[in-house]
Structures are given as structure tokens and as C-alpha cells.
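Here is the structure we will look at.
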Amino acid sequence: MIRLFDTQFSEIREIEPKEAGKFSIYVCGPTVYDRPHLGHGRFVLVYDILRRFLAYQGFDVRFISNITDIDDKILDRASKEGISPKEVADTYEQVWWETLDRLGVMRPDEAPHATDWLAEMVELIELLIESGAAYSTPEGVYFEVEKAPGYGLLARQDLSELRAGARVEVVQTKRSPFDFALWKLVESDEWGWQSPFGYGRPGWHTECVVMALGLLGEGFDLHGGGLDLCFPHHENERIQAVASGREFARHWMHNGFVMVGDEKMSKSLGNFETLENLLERFDSRSYRLLVLRSHYRSPMDVTPENSEDAERALERIDAFARRFTDLCERNHTVGADEGAMSRFVAAMSEDLNTPVALSYAFEAITGANGSMDRGQRDKAVAYAKAALAQLEILGLVVESKIDVPADVVALAELRVAARRAKDYALADNYRQEILDLGYVVEDAGSGFGFRRA
RNA sequence: GGCGGCGUGGCCGAGUGGUUAGGCAGAGGCCUGCAAAGCCUUGCACAGCGGUUCGAUUCCGCUCGCCGCCUCCA
């Protein structure tokens with residue numbers, strides 16, 4: 001059982017999957033014409049965390065996220081670089097997956113491409129024309145918004161209150177400024193596909209309709225994406241499905257923006273930072289931790305200070321992992337603390353409250369350390385197992401062991417001998433030498449441990 | 001113009017009608033040969049002004065400041 005804020009009702013609602021025990025999710029993926037930025041990183045992490053949690057809850061999760069490889073922006077980039085649109089799309093798709101790997105984001109069960117779904121798109125458009133929901137003009141095929149009941153549900157706006165041409169020039173041949181292109185006719189020497197409506201390219205919104213319904217079926221459980229996709233993209237997806245007589249997503253989820261100062265990070269504002277850049281400068285886990293620390297619907301500020309803060313928090317987690325991972329693996333009699341686990345699950349179940357869930361993970365860490373210090377070994381293991389399980393659900397990989405070169409280990413052993421001989425000056429010398437090699441040696445009982453300097 | 005959201009302690013960031021969020025940073029202590037790590041203790045926080053209430057950071061109203069959407073966008 002999980003409750004999530006549903007955009008179409010503007011309230012937190014319990015989700016009952018259509019099929020008990022299963023959970024089908026469609027998340028709008030990237031248009032592959034450039035390198036992914038922090039905004040992309042946030043959405044993939046949010047849904048990655050959701051997915052992991054649902055799997056932990058025992059759901060058989062089917063997770064689909066598309067690659068949009070038909071788009072004017074891809075064409076623009078191709079023209080600029082003198083290469084084909086396909087080359088542009090292939091290049092940036094590859095960057096996309098590489099970056100997701102670095103973020104530790106699970107690959108979707110399937111990642112459909114718009115170019116593989118043209119026949120289905122054409123079929124849907126034909127259906128929409130036949131049913132009178134769409135019409136043709138000399139420029140293409142358009143969806144007639146005013147005839148469709150319930151348009152504006154996701155935007156929570158009545159059509160009459162939308163401001164026509166607020167930001168974009170109104171195309172004169174459309175019956176209403178809000179009508180959107182299902183198929184855009186282009187010259188025969190341009191990038192395009194043959195269709196019953198003429199040679200052209202599909203509009204952006206149609207691909208997600210056919211891919212989501214085609215792979216997950218009618219009435220799939222959850223459709224997600226960034227808040228900026230809510231309107232018009234998701235609205236336009238939904239209305240096409242509805243107009244074609246099919247039940248679309250049962251639940252809509254949107255994640256908030258990444259902010260730069262007081263402004264939304266966006267391609268159009270040009271104030272974006274690439275994920276690759278961030279991943280080069282900071283521990284790759286720090287971004288996931290930042291995403292976890294803010295609620296998914298809130299705006300999230302990413303600054304170097306925040307990333308450094310997150311890195312220090314990771315140190316605490318890693319120090320805990322170094323202390324407890326082996327101990328937990330060897331102990332088969334004690335299970336994860338049930339209270340700690342149920343608190344965590346409750347927080348995650350209530351609109352994916354990762355900040356609170358994370359705070360419980362930290363409390364379990366404190367509980368484990370404290371119990372251990374007090375000599376309550378079993379209690380410590382119970383807390384530690386809970387914390388480790390929780391971190392895993394959140395997708396945070398702990399660094400419980402680091403590879404230390406043999407010469408560093410040798411120095412540490414020499415230091416132990418020096419300490420036993422109470423030659424502390426010599427011991428401190430060894431410690432400095434180890435530090436110079438990039439490691440901090442820490443006393444641990446009769447032995448020693450290391451961490452990176 | 002319409003719709004939606006936000007304003008929390010040094011920073012980040014949850015939450016609640018009356019009890020410790022959590023992380024980072026800071027202070028004191030314990031442990032340690034010294035450290036590190038860890039533990040314990042510590043911080044007169046809830047934009048402003050009114051109202052409701054025994055009691056509001058939490059509910060209502062107003063004011064101020066800020067952000068987002070209204071067919072590029074994760």
C-alpha cells in the first residue's frame with residue numbers, strides 16, 4: 001500500500017494497482033539531443049527510488065521509460081553539426097545510459113523509441129480523425145481540444161482560463177490556439193515518414209500514448225515525469241487516449257524542479273548544469289542523497305555547498321558501513337529492527353517522504369553505533385541491519401570496504417608495533433606516512449581500519 | 001488576467017494544534033597515548049499583522065516577499 005499525490009485530483013491518494021501484486025509505471029524519458037542535466041538527474045532518481053521501494057514492498061514492478069528520438073531539436077542539432085538526426089539521437093542516448101549508470105539508476109524494463117512506434121502512432125491518429133477528435137489542415141493533423149471533455153484536468157484549469165499564445169505564437173490554421181499537432185507535414189527532402197496524411201513527422205505527445213498503452217495496457221497504474229511535462233505534454237497525452245476511448249494512467253505523479261538560485265533550471269533559460277559535470281566534481285552518490293533529502297514535489301536547490309554537505313553525510317554512512325557490514329553478514333540470528341523498518345516504510349508509503357525515511361535511516365545508524373558502544377551487540381546488529389536495508393531501498397550504495405595497497409597495510413602494522421612499544425612519536429610518523437599515501441588509519445579495538453583521506 | 005505552490009534555527013530540510021525530525025556546521029563532555037570514528041549533552045526556529053482556541057509554527061483572514069504553469073523544457 002502506498003499513498004501518492006495525484007496531480008489529477010490534487011491530493012494524496014492511495015494507489016491500488018489494477019492487478020494485485022503488480023505495479024506498472026510509465027515515466028517520460030529524455031529527448032536525446034543534448035547531454036543530460038541536473039533536472040533529468042532528479043527525475044530519474046525520484047522514480048528509481050519509487051521503483052526500488054515498490055519492489056521492496058513486494059510488487060512486481062514493470063517500469064517503462066521512453067527515449068524520444070523524433071523531435072525538432074534533434075533535427076536542429078543534426079543540421080548544425082552536419083550529421084543525421086539518427087546519429088544525434090544515438091550519440092546522446094548512449095550518453096544518457098552511461099550517466100544513469102553512474103547515478104546508480106536501474107535501467108527501465110523497456111525503453112521504447114518513438115521511431116519504433118510510428119505505425120501505432122499513425123493508427124491512433126487515424127482513429128482520432130475518424131472519431132472526429134482530430135482534423136486536417138494544409139499543415140498537418142491537429143487534435144481539437146475544445147471538443148474533448150475534461151481538457152485541462154492535469155493543469156487544473158478550465159480551457160477558457162488558459163491564456164492563448166501566452167508564450168508561443170498562435171498558428172492561424174488551427175481551429176483553436178490550444179489544438180496541438182498530431183502529425184506535421186514536411187517537405188519530402190526533410191526528415192520524415194510517409195503516412196496516410198502525407199509525408200511528415202508525428203507530434204511529440206502521441207508517442208507516449210501508444211508506447212504506454214502498447215507496453216502496459218489500458219489503465220496502467222502510474223504515469224510520471226517532471227512537473228514541466230504536466231501541461232501540455234501529459235494533458236495532451238491523456239486527452240488523446242481518452243478521445244480514442246481508452247483508459248489511460250490511473251494515477252499521475254510529477255516531481256518538482258531543480259532550482260538555480262531562485263530560478264528553475266531549464267534548457268530554455270540556459271542555466272543548466274550537466275550531470276556529468278556534477279558527477280566529476282562530487283561523489284556520485286551525493287546527488288542521490290540530495291534528491292532524497294528534499295521531498296520529490298518540492299523545488300530543490302543544488303549548490304556546491306549542498307553537494308559538499310551531502311558528501312560529509314556520506315562519510316558518516318560509510319563509517320557506519322565499515323563498522324557494521326561484516327558483523328551483520330556474519331550474524332544470522334538477529335534480524336533488522338522491526339520498529340525501525342516499519343517507521344521507514346510508513347514514511348515512504350506516505351507520498352514518498354524520503355527526507356523522513358532518510359532521517360530514520362540515520363537514527364538507525366545512531367542506534368547501531370550507540371548500542372555497540374554500550375556493548376549491546378545484538379541490538380546494534382538489529383539497528384545496523386535496518387539501516388543497511390533502508391539505504392539499499394533508497395539506492396544508496398555504502399562503501400564498507402576500501403582497497404588499501406599492501407604497503408599502506410604494512411605501515412599500519414608497523415604503527416601497531418610502535419604503539420605497543422609505546423613509541424608514539426614513531427607511531428605518529430607512520431600515521432603521517434599513511435596519510436601522505438592518501439589514507440587515514442583509525443584505531444579499532446586491537447586492530448585498525450582505513451578511510452580515504 | 002487565470003491556476004498552483006513557497007517563506008522553518010548558522011546552512012540544508014521534514015513535520016505537527018500542546019511532546020527531540022534528520023543531516024551538515026558550532027559548543028561542552030566521554031572514549032583515545034594523541035587522533036580519527038563513535039557516543040552523550042547543547043541551540044529562547046517556524047516572514048509580518050490580526051482572528052479562532054485553554055493553547056498555533058501548525059487552522060482562518062489580510063499584508064509583505066518569492067517561485068512555478070498557462071503549447072521549448074525533467
Side-chain angles (χ1 to χ4, degrees), chain A residues 10 27-31 36-44 46-47 71-73 145 152 154-158 160-171 174 177-181 203-205 224-233 235-236 254-259 262-269 272 289-290 292-295 297-301 303 305-306 308-317 319-320 322-323 347 353-363 365-366 368-374 419 422-425 427-428 431 440-444 448-449 451:
Chain A
S10 251
V27 175
C28 282
T31 301
H37 61 71
L38 265 34
H40 295 102
R42 184 176 194 188
F43 98 75
V44 294
V46 164
Y47 294 103
D71 190 281
D72 286 1
K73 291 190 285 293
V145 154
L154 289 175
R156 301 212 63 75
Q157 291 237 70
D158 194 81
S160 63
E161 281 159 353
L162 292 170
R163 189 183 241 190
R167 298 168 79 176
V168 166
E169 209 179 323
V170 175
V171 176
K174 293 198 288 188
F178 301 110
D179 291 352
F180 57 92
W204 173 36
H205 318 299
L227 190 56
D228 45 356
L229 297 183
C230 182
F231 189 93
H233 182 54
E235 190 80 50
N236 290 351
H254 293 96
N255 61 279
F257 298 125
V258 173
M259 307 297 286
D262 286 334
E263 263 185 340
K264 159 180 125 174
M265 174 174 295
S266 84
K267 296 290 288 189
S268 50
L269 292 172
F272 63 92
L289 192 64
L290 286 182
L292 287 165
R293 289 203 317 193
S294 58
H295 185 83
R297 287 191 283 122
S298 300
M300 169 182 151
D301 222 356
T303 62
E305 292 73 27
N306 289 346
E308 284 162 13
D309 186 301
E311 283 189 326
R312 284 192 293 266
L314 284 168
E315 294 226 4
R316 175 169 166 79
I317 291 171
F320 154 76
R322 285 194 299 272
R323 188 177 189 189
N353 196 336
T354 56
V356 169
L358 189 65
S359 80
Y360 290 141
F362 275 107
E363 284 181 0
I365 288 173
T366 303
N369 280 322
S371 300
M372 200 65 176
D373 287 357
R374 281 175 237 115
R419 289 185 66 219
K422 297 203 189 301
D423 187 346
Y424 296 119
D428 290 347
R431 178 157 62 199
V440 175
V441 63
E442 302 176 326
D443 296 336
F448 52 82
R451 65 186 175 88

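Numbers restart at 1 for each chain; the letters A, B, ... are given by sequence-line order, proteins then strands. Computed from a prediction, not measured in an experiment: that's the story for all the values here.
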Worksheet item: Taking OP1 and OP2 of B:A74, is either one under 4.0 Å from a side-chain nitrogen or oxygen of A:K264?
Response: no
Discussion item. What's A:S10 touching, base or sugar-phosphate or nothing? Going by heavy atoms closer than 4.0 Å.
Written reply: nothing
Fill in: Position toward the 5' end of RNA chain B (nearest nucleotide), A:N306 or A:Y424
A:N306
Discussion item. What's A:D428 touching, base or sugar-phosphate or nothing? Going by heavy atoms closer than 4.0 Å.
Written reply: base
Discussion item. Can you see if the side chain of A:R156 gets near the phosphate of B:G68 - specifically, an N or O under 4.0 Å from OP1 or OP2?
Written reply: no
Item to complete: Go through B:G13, B:A14, B:G68 for me and flag the one nearest to the A:F257 side chain.
Response: B:G68
Worksheet item: Within the distance-only criterion (no hydrogens, no angle test), does the side chain of A:Q157 pair as donor or acceptor with the backbone N or O of A:G152 below 3.5 angstrom?
Response: no
Practice prompt. Using the P atom on both, measure B:A27 against B:A37 and round to a whole Å.
Written response: 14 Å
Worksheet item: OP1 or OP2 of B:C40 less than 4.0 angstrom from a side-chain nitrogen or oxygen of A:T366, does that happen here?
Response: no
Fill in: Test side chain to side chain donor-acceptor pair (under 3.5 Å) applied to A:R323 and A:N369, step by step
CA-CA 9 Å; A:R323 188 177 189 189; A:N369 280 322; 2.9 Å; yes
Fill in: Any A:R316 side-chain N or O less than 4.0 Å from OP1/OP2 of B:G38
yes
Discussion item. Given B:A74, B:G15, B:G33, identify the nucleotide with an atom nearest to the side chain of A:N353.
Written reply: B:G15
Worksheet item: Under 4.0 angstrom, heavy atoms only, what part of the nucleic acid is A:S294 near: base, sugar-phosphate, or nothing?
Response: sugar-phosphate
Worksheet item: NA contact type, A:G41, heavy-atom cut-off 4.0 Å: base, sugar-phosphate, or nothing?
Response: nothing
Worksheet item: What does A:R451 touch in the nucleic acid at a heavy-atom separation under 4.0 angstrom: a base, only the sugar-phosphate, or nothing?
Response: sugar-phosphate
Practice prompt. Check the side chains of A:S359 and A:R293 for a donor-acceptor pair under 3.5 angstrom, ignoring hydrogens and angles.
Written response: no
Worksheet item: From the list B:C24, B:G22, B:A74, which nucleotide is the closest neighbour of the side chain of A:D309?
Response: B:C24
Discussion item. By the 4.0 Å heavy-atom rule, please label A:P232 as base, sugar-phosphate, or nothing.
Written reply: sugar-phosphate
Worksheet, complete the sentence: Per nearest nucleotide of RNA chain B, the residue lying toward the 5' end, A:E363 or A:L229, is A:E363
Worksheet entry | A:N255 side-chain proximity, nearest of B:G13, B:A74, B:C39 | B:A74
Practice prompt. Just compare B:A74, B:C72, B:A36 and give me whichever is closest to any side-chain atom of A:H37.
Written response: B:A74
Discussion item. Using atom C1' in both nucleotides, what's the gap between B:G38 and B:U63 to the nearest angstrom?
Written reply: 49 Å
Item to complete: Consider the side chain of A:F231, meaning its heavy atoms from C-beta on, and name the nucleotide among B:G33, B:A14, B:C69 that approaches it most closely.
Response: B:C69
Worksheet entry | Phosphate OP1/OP2 of B:G23 contacted by A:S359 side-chain N/O (<4.0 Å) | no
Discussion item. If stacking means aromatic ring centre less than 5.5 angstrom from the base's six-membered ring centre, planes under 30°, is A:F43 stacked on B:A74?
Written reply: no
Worksheet item: Counting just side-chain N and O atoms, does A:N369 come under 4.0 Å of either OP1 or OP2 of B:A37?
Response: no
Worksheet item: Roughly how far apart, to the nearest Å, are B:C39 and B:G22 at atom P?
Response: 12 Å
Discussion item. What contact category does A:M372 fall into here, base, sugar-phosphate, or nothing, at under 4.0 angstrom with non-hydrogen atoms?
Written reply: nothing
Practice prompt. Could you work out which one of B:C39, B:G33, B:C24 sits closest to the side chain of A:R312?
Written response: B:C24
